[in-house]
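The chains referred to below are lettered A, B, ... by the order of the sequence lines, with proteins before strands, and numbering in each begins at 1. All of these numbers come straight from a predicted model, not from anything done at the bench. Heavy-atom basis, side chains included; hydrogens, waters and symmetry copies ignored.
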2 protein chains.
Amino acid sequence: MAQSDTVTRILDTAEALFAEKGFAETSLRTITGKAKVNLAAVNYHFGSKKALIQAVFARYLDPFCEQFNAELAALEKRGSVTLEELLEVLAKTTISVPASKGSLSVFMRLLGLAYTQAQGHMRRYLQEHYGQTFTRFTNQLKLCTADLPDAERFWRIHFMLGSVVFTMSSLDALRDIAYNDYDEKTRIKDLVARLLPVVTAALKAPVPEPLVASD
Amino acid sequence: MAQSDTVTRILDTAEALFAEKGFAETSLRTITGKAKVNLAAVNYHFGSKKALIQAVFARYLDPFCEQFNAELAALEKRGSVTLEELLEVLAKTTISVPASKGSLSVFMRLLGLAYTQAQGHMRRYLQEHYGQTFTRFTNQLKLCTADLPDAERFWRIHFMLGSVVFTMSSLDALRDIAYNDYDEKTRIKDLVARLLPVVTAALKAPVPEPLVASD
DNA sequence: TAATGTTTAAAACGTATGTTTTAACCTTTG
DNA sequence: CAAAGGTTAAAACATACGTTTTAAACATTA
């Protein structure tokens, strides 16, 4: 077997299986079996299953953050960015980075799993490695939505994060329904096109009257 | 041990542990150990782990759907309902049904897990048992948002479902952050108050130009 | 009270998992 | 060519899991 093509095969297979079934439900034997690689290879090359999971994420997020940071730097230098422009940059980066076809939906599903499924180590990993880029983005977002109270913005960011992650996570199932019920062949591009006005409107929605505490 | 207080104890403990760690990551031994109940009791009372998971959901969703169906029936009889009213009813029902304190966030987390984690049997179960109520709601929603193309409405429903499920899923973690960073003691009521205008605005957002297919 | 059906207890079963070990196999380098 | 280091192969290890079995305890009813 050439070089360590083994590593790539493990990553590719693990990525697909994780996205399909979840982390705990995917065994190393299933991965190595499908990848036609020896069982011990995972522990040899990655050290453990946890480390393999993180490696799958790193392969996506490292190039994404690199490009997104560059885009953000350009925006910061320019100054006075509109909300639409900022979101457009985010969407553009998200779409353009993934290498192989259909890999974006796979990764989004992984991201969703990491947030909802992993009980801690994955969230911590994501925060430690990519938290800085996220903060940089939210700082920029704050400039675009200056009239939003900080707490309100905080919650709305997570509302929207939920929209994206959840939808992308269930993309295949939803796409099937959309095709059966509405004859729509939804591509990622289309989904982003649908998502952008919704997210924009959500972030610009009127702020509710602060409720007076009663308990 | 009185009667089948065992069943309740299993359900309570399983619910909490599932929400905290996920389904696959929570073993029957952990559940029965914490519930101070014999290991075999789960298989005796429920039949299998899968059935236990479904029972946890049923305990929530059965009363919820019962009340929500009643509310929907009232709306249907009345006719000409606004989007705000419909969402208000949904929110009211969601808040009022859960029995114990803090149980709503637990359940929302479960719902999120069911959608993202389970590879099929749980989705199928939810669809079979509660799909009718969901359809009834979406029918009503269609009346409130008549100018929205069907496909667009379909996607937006899932965007918003994502917001709710995802936020509620991570509620504890997010609440901690909100408290530390913004001195905000977020109660479920407050969250719903924040959510309503956002969801309304998202559903009312302008429809994007249909993209011409290029691939 | 005696008998019967239901629930709990304790142990064992069979299987699947992540990881480690040992030896073989290349590929590179002196 | 030979030695060495990196890589793969096959097997074994230890553990954890869901489930089943057997017997005891309990509650209910006749």
Side-chain angles (χ1 to χ4, degrees), chain A residues 1-59 110 113-114 117-122 124-125, chain B residues 1-59 110 113-114 117-122 124-125:
Chain A
M1 193 168 297
Q3 187 95 337
S4 232
D5 153 273
T6 302
V7 170
T8 307
R9 278 246 285 289
I10 292 175
L11 283 174
D12 288 343
T13 313
E15 178 182 293
L17 288 174
F18 284 153
E20 190 180 330
K21 305 177 161 237
F23 303 118
E25 293 83 354
T26 304
S27 71
L28 293 185
R29 281 173 176 79
T30 309
I31 297 172
T32 54
K34 202 155 193 170
K36 289 180 183 167
V37 153
N38 188 268
L39 169 61
V42 170
N43 282 283
Y44 175 76
H45 285 288
F46 298 94
S48 69
K49 189 181 180 182
K50 272 188 187 176
L52 169 62
I53 296 175
Q54 295 178 352
V56 168
F57 275 89
R59 193 167 62 145
L110 288 181
L113 286 176
Q117 182 170 73
Q119 58 277 41
H121 86 94
M122 207 54 224
R124 220 174 309 123
Y125 175 82
Chain B
M1 193 167 297
Q3 188 91 342
S4 233
D5 154 273
T6 302
V7 170
T8 307
R9 277 246 286 288
I10 291 176
L11 282 174
D12 288 343
T13 313
E15 179 181 293
L17 287 175
F18 284 153
E20 191 180 330
K21 304 174 159 241
F23 302 118
E25 293 82 354
T26 304
S27 71
L28 293 186
R29 282 172 175 81
T30 309
I31 295 172
T32 54
K34 202 156 191 169
K36 288 179 184 167
V37 152
N38 187 270
L39 169 60
V42 170
N43 282 283
Y44 175 75
H45 286 287
F46 298 94
S48 68
K49 189 182 179 182
K50 271 188 187 177
L52 169 62
I53 296 176
Q54 295 179 353
V56 168
F57 276 90
R59 192 166 62 145
L110 287 180
L113 286 176
Q117 183 170 77
Q119 58 274 43
H121 86 93
M122 207 54 225
R124 222 174 306 123
Y125 174 83

What pairs with B:R59 under side chain to side chain donor-acceptor pair (under 3.5 Å), at least two apart in sequence or on another chain? B:D12, B:E15

For A:T30, what residues pass the side chain to side chain donor-acceptor pair (under 3.5 Å) criterion, not counting sequence neighbours? A:S27

Just wondering, do A:M122 and A:F57 contact through their side chains at under 4.5 Å, heavy atoms? yes

Let me know the distance between [atom1] of [X] and [atom2] of [N], rounded to the nearest Å.
X	N	atom1	atom2	value
B:I10	D:dT19	CD1	C1'	14 Å
B:D5	D:dA27	CG	P	13 Å
A:N38	D:dA9	CG	C1'	5 Å

Taking OP1 and OP2 of C:dT8, is either one under 4.0 Å from a side-chain nitrogen or oxygen of B:H45? yes

What is the per-nucleotide protein-contact pattern of nucleotides 13-26 of chain C, from the 5' end, where B denotes a base atom under 4.0 Å from a protein heavy atom, S denotes such proximity for sugar-phosphate atoms only, and - denotes neither? ----BBBBB-----

Would a distance-only check, ignoring hydrogens and angles, find a side-chain to backbone donor-acceptor pair under 3.5 Å from A:K49 to A:F23? yes

According to side chain to side chain contact (heavy atoms under 4.5 Å, CB included), who are the partners of A:A58, at least two apart in sequence or on a separate chain? A:D62, A:Y125, A:Y130

Residues in side chain to side chain contact (heavy atoms under 4.5 Å, CB included) with A:L52, at least two apart? A:I10, A:L11, A:A14, A:F18, A:L28, A:I31, A:V42, A:F46, A:V56

